[in-house]
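First up is the structure itself, then whatever we jot down about it.
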Amino acid sequence: MKNVKFDEQGLVPVIIQNAKTKEVLTLAYANEEALQKTIDTNETWLYSRSRSELWNKGATSGNTQEVTAVRLDCDADAVIYEVIPNGPACHTGEASCFHETLAGTPDESKADMFLELTSLIEKREQEMPEGAYTTYLFEEGVDKICKKVGEEAAEVIIAAKNRDPQELAMETADLFYHVLVLLQEQKVGFDEVLDVLKERHAVKTTSK
């Protein structure tokens, strides 16, 4: 904590970032006590300048944040909390406080679609809305889901053999969707798959 450069009010700016998507959620402030409580509890603790008191994100709203990492700026005068949010970060109900665009077009990562689709599939399993195809798959169970994964994998192979880029893209999308449904049915998080890929990449990089 001695390395952190707090300002004359004893505060340091805190950027709160989604650990999965890297989206910036909030800009806030913390004093030494809030920063230490964040490190000790793995929960987001900040200092409210308007109320002159510590506050625990989500204590009232329920929109808590699990802190996975706390990083310090190279000049030691700013901090990043990497978090897994349980609900929106903004009091307006938006996922991020930075939801208003003043200029330009925000670059929304297409890779985020995987996370959005994973969340939707999880929600479908919990709510099981009548008439939804995902509900049908969960009702039929693992055998049906595995069969669909096999069928879609075969379609991908056929599209590739046919040298049809559009068909290949469509069939691959179908395969990805059914694999995500299978992961949810087996309670294997998409993050776990990404962790395996990350570990393999790290091994290959180290071995070079």
Side-chain angles (χ1 to χ4, degrees), residues 1-127 129 180 183-184 187 189-195 198:
M1 198 68 64
K2 62 182 180 180
N3 294 329
V4 181
K5 296 179 182 176
F6 295 95
D7 64 19
E8 56 273 14
Q9 282 81 42
L11 303 176
V12 62
V14 177
I15 298 169
I16 301 177
Q17 182 182 44
N18 189 311
K20 297 178 179 178
T21 67
K22 303 308 177 184
E23 179 182 18
V24 174
L25 303 178
T26 308
L27 171 62
Y29 292 83
N31 61 7
E32 184 173 355
E33 183 180 0
L35 186 55
Q36 189 62 59
K37 287 177 75 70
T38 298
I39 294 171
D40 292 341
T41 65
N42 294 324
E43 298 176 358
T44 295
W45 282 88
L46 300 163
Y47 184 83
S48 171
R49 294 176 298 170
S50 60
R51 301 192 304 270
S52 299
E53 64 181 13
L54 265 65
W55 62 284
N56 181 205
K57 172 63 179 174
T60 301
S61 66
N63 299 322
T64 57
Q65 296 173 343
E66 176 189 348
V67 179
T68 61
V70 177
R71 297 193 286 125
L72 185 63
D73 172 74
C74 60
D75 293 323
D77 58 1
V79 172
I80 290 179
Y81 292 176
E82 291 190 1
V83 307
I84 298 176
N86 177 31
C90 184
H91 72 280
T92 63
E94 294 286 344
S96 169
C97 293
F98 296 94
H99 56 267
E100 183 177 351
T101 301
L102 295 181
T105 303
D107 182 17
E108 296 182 0
S109 172
K110 293 181 180 179
D112 290 349
M113 276 299 299
F114 272 105
L115 297 173
E116 293 176 13
L117 185 55
T118 298
S119 297
L120 178 60
I121 290 171
E122 182 180 2
K123 186 177 181 181
R124 285 285 189 270
E125 186 185 34
Q126 293 171 350
E127 300 178 353
L180 290 176
L183 290 174
Q184 179 61 35
K187 299 300 177 286
F190 184 58
D191 284 351
E192 295 179 56
V193 179
L194 295 180
D195 287 342
K198 185 176 181 179

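Side chains included, hydrogens not; waters and symmetry mates left out as well; all remaining heavy atoms used. Bear in mind the structure is a predicted one, so any value in this text is a computation, not a measurement.
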Straight-line distance of [X] [atom1] to [Y] [atom2], nearest 0.5 Å:
X: Gln184; Y: Glu125; atom1: CD; atom2: CD; answer: 4.5 Å
X: Thr118; Y: Leu183; atom1: OG1; atom2: CG; answer: 7.5 Å
X: Leu120; Y: Glu127; atom1: CG; atom2: CD; answer: 9.5 Å
X: Thr44; Y: Lys37; atom1: OG1; atom2: NZ; answer: 13.0 Å
X: Gln65; Y: Leu46; atom1: CD; atom2: CG; answer: 8.0 Å
X: Leu180; Y: Ile121; atom1: CG; atom2: CD1; answer: 4.5 Å

Self-check item: Ser48 side chain reached by Tyr29 side chain, heavy atoms, under 4.5 Å
Solution: no
(Q) Could you check whether any side-chain heavy atom of Leu27 comes within less than 4.5 Å of a side-chain heavy atom of Phe98, counting everything from C-beta outward? (A)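 Yes, side chains in contact.
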For residues [X] and [Y], report the shortest heavy-atom separation together with the two atoms involved.
X: Ala76; Y: Asn3; result: CB-O, 3.1 Å
X: Ile84; Y: Ala19; result: CG1-CB, 4.4 Å
X: Cys97; Y: Thr26; result: SG-OG1, 3.6 Å

Q.
How about CD on Glu53, more than 12 heavy atoms from neighbouring residues, nucleotides or ligands closer than 6.0 Å, or not?
A.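 For Glu53, atom CD is crowded (more than 12 foreign heavy atoms under 6.0 Å).
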Could you check whether Lys5 pairs with Asp75 (Lys NZ or Arg NE/NH1/NH2 to Asp/Glu carboxylate O, under 4.0 Å)? no
Please tabulate, one pair per line, all N/O donor-acceptor pairs under 3.5 Å involving side-chain atoms of residues 85-93, not counting sequence neighbours.
from  : atom 1 : to    : atom 2 : distance (Å)
Thr92 : OG1    : Glu94 : N      : 3.4

I'd like to know if the side chain of [X] reaches the main chain of [Y], judged simply by a donor and an acceptor atom lying under 3.5 Å from each other, with no hydrogens or angles considered.
X: Asp77; Y: Phe6; answer: no
X: Thr41; Y: Glu43; answer: yes
X: Tyr81; Y: Trp45; answer: yes

Exercise. For Leu54 and Asn31, what are the C-alpha separation, side-chain angles and deciding distance, and is it a side-chain contact (heavy atoms from CB on, under 4.5 Å)?
Worked result: CA-CA 8 Å; Leu54 265 65; Asn31 61 7; 3.5 Å; yes
Partners meeting salt bridge (Lys or Arg N to Asp or Glu O under 4.0 Å) with Arg71 (sequence neighbours left out):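 Counting only residues at least two positions away or on another chain, Arg71 forms a salt bridge (Lys or Arg N to Asp or Glu O under 4.0 Å) with Glu82.
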